[in-house]
Amino acid sequence: MQIAPGAVAFMLVGLPDKAVAESRERVRAALIASGLALPAKRITVNLAPADLPKEGSHYDLPIALAVMGAIGALPADALAGYCVLGELALDGTITPVAGVLPAAMAANARGLGLICPAATGPEAAWAGGDMDVLAPRSLIQLANHFKGSQVMARPEPAVAAATGPLPDLRDIKGQEGAKRALEIAAAGGHNLLFNGPPGAGKSMLAARLPSILPPLSPRELLEVSMIQSVAGELKEGALSNRRPFRQPHHSASMAALVGGGINARPGEASLAHGGVLFLDELPEFSAQVLDSLRQPMETGEVMIARANPRKTY
Ligand SMILES: Nc1ncnc2c1ncn2[C@@H]1O[C@H](COP(=O)(O)OP(=O)(O)OP(=O)(O)O)[C@@H](O)[C@H]1O
Ligand SMILES: [Mg+2]
């Protein structure tokens with residue numbers, strides 16, 4: 001970032017997409033709301049590397065902090081050693097973004113700290129016990145922290161409270177063969193196909209599979225949570241220690257099932273990682289959608305290749 005004399009402008013270069021380009025307006029408004037005027041100079045923000053397209057709203061906070069550093073609203077060396085992500089509201093508050101947990105783990109692996117939105121602090125805190133995590137509510141709170149006038153505490157890692165009991169296998173009368181099949185599938189992590197007349201209890205049996213699965217190991221908990229974090233499905237930044245149970249409707253598209261769309265989001269198959277992907281009314285799914293599950297079932301991985309992002313879940 002550079003502030004130079006010249007025509008007054010706030011330029012953003014480095015292949016920003018629409019959401020990133022609009023970040024200029026949010027940054028400007030948030031700084032004004034925080035009592036910081038932009039200098040009447042030419043400000044150029046370069047998102048390096050310049051040939052890699054940037055998408056998403058999480059660049060707001062790093063851009064704003066770079067400007068604050070350049071105009072002296074933050075101590076010059078305050079930001080060294082931090083990875084930063086977050087979106088800004090017009091009033092200078094910092095709003096949550098997806099993907100904070102993987103960002104925190106990558107930052108920790110490189111020996112960096114993390115500055116992220118307050119709501120995602122509990123998620124970031126999982127990345128490492130001794131990692132420096134700052135989760136401010138607003139630009140002002142962060143500025144006060146660095147000035148030393150109001151030091152923020154490190155967020156605590158949070159686990160979501162279990163939401164009620166799971167459907168129980170004991171509800172099923174008889175069907176000893178089907179129940180044994182469920183137990184074997186649960187113990188061995190096998191795929192399972194129930195075939196039978198209407199009302200035989202197929203849906204009921206399948207819905208009870210989560211109740212006999214073992215709890216997530218700490219490593220699995222992080223894996224499952226990273227996928228949920230990227231998909232923006234972690235509520236209040238709290239991780240869930242329940243195995244996922246995903247039940248997409250048979251009208252689900254290929255992108256919904258195996259991933260894709262904006263940001264090459266993970267699909268139901270990836271969101272079911274470590275848990276159960278339940279396709280009720282299997283024959284009703286389109287053949288193309290079912291075929292797209294073949295590669296993930298064989299390799300355990302989903303690869304989404306589009307023009308630019310190529311991601312493996
Ligand atoms: N073994 C069983 N024990 C207790 N209740 C059962 C049993 N089998 C079926 N039921 C009852 O019948 C209802 C219908 O079962 P379910 O919806 O699971 O059938 P299904 O095999 O999925 O049928 P469909 O092919 O129409 O989807 C269940 O909600 C449950 O109330
Ligand atoms: Mg059914």
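Note that the coordinates shown come from a computational prediction; the quantities given were computed from them, not determined experimentally.
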(Q) Let's go through Leu90 and Arg26 carefully: what are the C-alpha distance in whole Å and the side-chain angles of both, what is the deciding distance for side-chain contact (heavy atoms from CB on, under 4.5 Å) to 0.1 Å, and is it a yes or a no? (A) CA-CA 6 Å; Leu90 298 184; Arg26 287 191 296 272; 4.3 Å; yes

Q) For Cys116, does its backbone N or O pair with a side-chain atom of Thr120 as donor and acceptor, under 3.5 Å? A) no

Q.
If we ignore hydrogens and angles and just use 3.5 Å, is the side chain of Glu87 paired with the main-chain N or O of Tyr59 as donor and acceptor?
A. no

Q) Run the side-chain contact (heavy atoms from CB on, under 4.5 Å) check on Leu279 and His250 step by step: do they pass? A) CA-CA 7 Å; Leu279 303 181; His250 55 70; over 6 Å; no

Q. Going only through I, L, V, M, F, W and Y residues with side-chain contacts under 4.5 Å, is there a path from Ile172 to Phe278?
A. yes

Q: Indicate, with yes or no, if Met226 and Val97 share a hydrophobic cluster defined by side-chain heavy-atom contacts under 4.5 Å among Ile, Leu, Val, Met, Phe, Trp and Tyr.
A: no

Q: Answer yes or no: is there a donor N or O on one side and an acceptor on the other, between the side chain of Lys147 and the main chain of Pro75, under 3.5 Å?
A: no

Q) Does the side chain of Leu293 come within less than 4.5 Å of Leu257's, by heavy atoms? A) yes

Q: Check whether any side-chain heavy atom of Met68 lies under 4.5 Å from a side-chain heavy atom of Leu31, and answer yes or no.
A: yes

Q) Is it the case that more than 12 heavy atoms not belonging to Lys41 sit under 6.0 Å from its NZ atom? A) no

Q) Is there a chain of hydrophobic side chains (I, L, V, M, F, W, Y, each step under 4.5 Å between heavy atoms) that links Leu65 to Val67? A) yes

Q | Closest heavy-atom pair and its distance - Ala127, Asn108 | A | O-ND2, 3.0 Å

Q: Please tell me if the side chains of Thr312 and Ile304 come closer than 4.5 Å, counting only heavy atoms from C-beta onward.
A: no

Q: Give the C-alpha distance, both sets of side-chain angles, the deciding distance and a yes or no for salt bridge (charged side-chain N to carboxylate O under 4.0 Å, His left out) between Lys18 and Glu22.
A: CA-CA 6 Å; Lys18 190 90 171 97; Glu22 286 177 349; 3.5 Å; yes

Q: Could you tell me whether Arg243 and Glu220 have a side-chain N and a carboxylate O separated by less than 4.0 Å?
A: yes

Q. Which atoms form the tightest heavy-atom contact between Leu114 and Ala124, and what is the distance?
A. CD2-CB, 3.6 Å

Q. Within the distance-only criterion (no hydrogens, no angle test), does the side chain of Arg24 pair as donor or acceptor with the backbone N or O of Phe10 below 3.5 angstrom?
A. yes

(Q) Ring-plane angle category for Tyr82 and Phe146, please: parallel below 30°, perpendicular beyond 60°, tilted otherwise. (A) perpendicular

(Q) In the structure I gave you, are the side-chain heavy atoms of Leu234 and Val100 within less than 4.5 Å of one another anywhere? (A) no

Q. So how far is it from Leu139 CG to Leu36 CG, rounded to the nearest 0.5 Å?
A. 7.5 Å

Q. Around atom CD of Glu156, are there more than 12 heavy atoms of other residues, nucleotides or ligands at under 6.0 Å?
A. no

**Q.** Ion pair Glu233/Arg246, N-O distance below 4.0 Å
**A.** yes

Q) Salt bridge check: are Lys179 and Glu183 linked by an N-O gap of less than 4.0 Å? A) no

Q. Hey, does the side chain of Ser34 reach the backbone of Ala30 with a donor-acceptor pair shorter than 3.5 angstrom?
A. yes

Q. When rounded to the nearest 0.5 angstrom, what distance separates NE2 in His58 from OG1 in Thr95?
A. 12.5 Å

Q) Applying the 4.5 Å side-chain criterion to the ILVMFWY set and letting contacts propagate, would Leu112 and Val84 be lumped into a single cluster? A) no

Q) Can Glu223 and Arg219 be counted as an ion pair, charged N to O under 4.0 angstrom? A) yes

(Q) I need the minimum non-hydrogen distance between Pro102 and Gly99, along with the two atoms involved. (A) CD-O, 3.4 Å

Q.
Hydrophobic clustering (ILVMFWY, side-chain heavy atoms < 4.5 Å, transitive) - are Leu209 and Leu166 grouped together?
A. no

(Q) Please give me the minimum heavy-atom distance between Gly274 and Leu216, naming the atom from each residue. (A) O-CD2, 4.3 Å

Q. Do Lys54 side-chain atoms and Leu52 backbone N/O form a donor-acceptor pair below 3.5 Å?
A. yes

(Q) Using only atom types and a distance under 3.5 Å, with no angle test, would you say the side chain of His145 pairs donor to acceptor with the backbone of Met152? (A) yes

Q) Less than 4.5 Å apart, any side-chain heavy atom of Asn195 and any of Leu282? A) no

(Q) I need the single residue from Ile63, Leu88, Leu47, Leu61 that forms a side chain to side chain contact (heavy atoms under 4.5 Å, CB included) with Ser23. Which is it? (A) Ile63

(Q) Please report the interatomic distance CG(Leu101) to OG(Ser225), rounded to the nearest 0.5 Å. (A) 6.0 Å

Q.
Any salt bridge linking Arg208 with Asp168? Criterion: basic side-chain nitrogen under 4.0 Å from a carboxylate oxygen.
A. no

Q) So do Arg137 and Pro117 actually touch side chain to side chain, heavy atoms under 4.5 Å? A) no

**Q.** Flag, side chain of Trp126 to backbone of Ala158, donor-acceptor distance under 3.5 Å
**A.** yes

(Q) Under a 3.5 Å distance rule, please check whether Thr299 uses its side chain to pair with a backbone N or O of Gln295 as donor and acceptor. (A) yes

Q. Are Leu169 and Leu182 side-chain neighbours, meaning at least one heavy-atom pair lies under 4.5 Å?
A. yes

**Q.** Distance-minimising heavy-atom pair for Ala21 and Leu12
**A.** CA-CD2, 3.9 Å

Q. Taking the side chain as C-beta and beyond, is there a heavy-atom pair between Ile115 and Cys83 under 4.5 Å?
A. no

**Q.** Reported CE-to-CD distance for the pair Met11 and Gln2, which is rounded to 0.5 angstrom
**A.** 11.0 Å

Q.
As an exercise, state the distance from CG of Leu271 to CG of Leu277, rounded to the nearest 0.5 Å.
A. 9.5 Å

Q | Least distance between heavy atoms, Ala125 atom then Pro157 atom | A | CB-N, 3.6 Å

Q: Drop me the distance from Ser270's OG to Lys311's NZ, to the nearest 0.5 angstrom.
A: 11.5 Å

Q) Are any side-chain N or O atoms of Asp132 and backbone N or O atoms of Gly113, one a donor and one an acceptor, separated by less than 3.5 Å? A) no

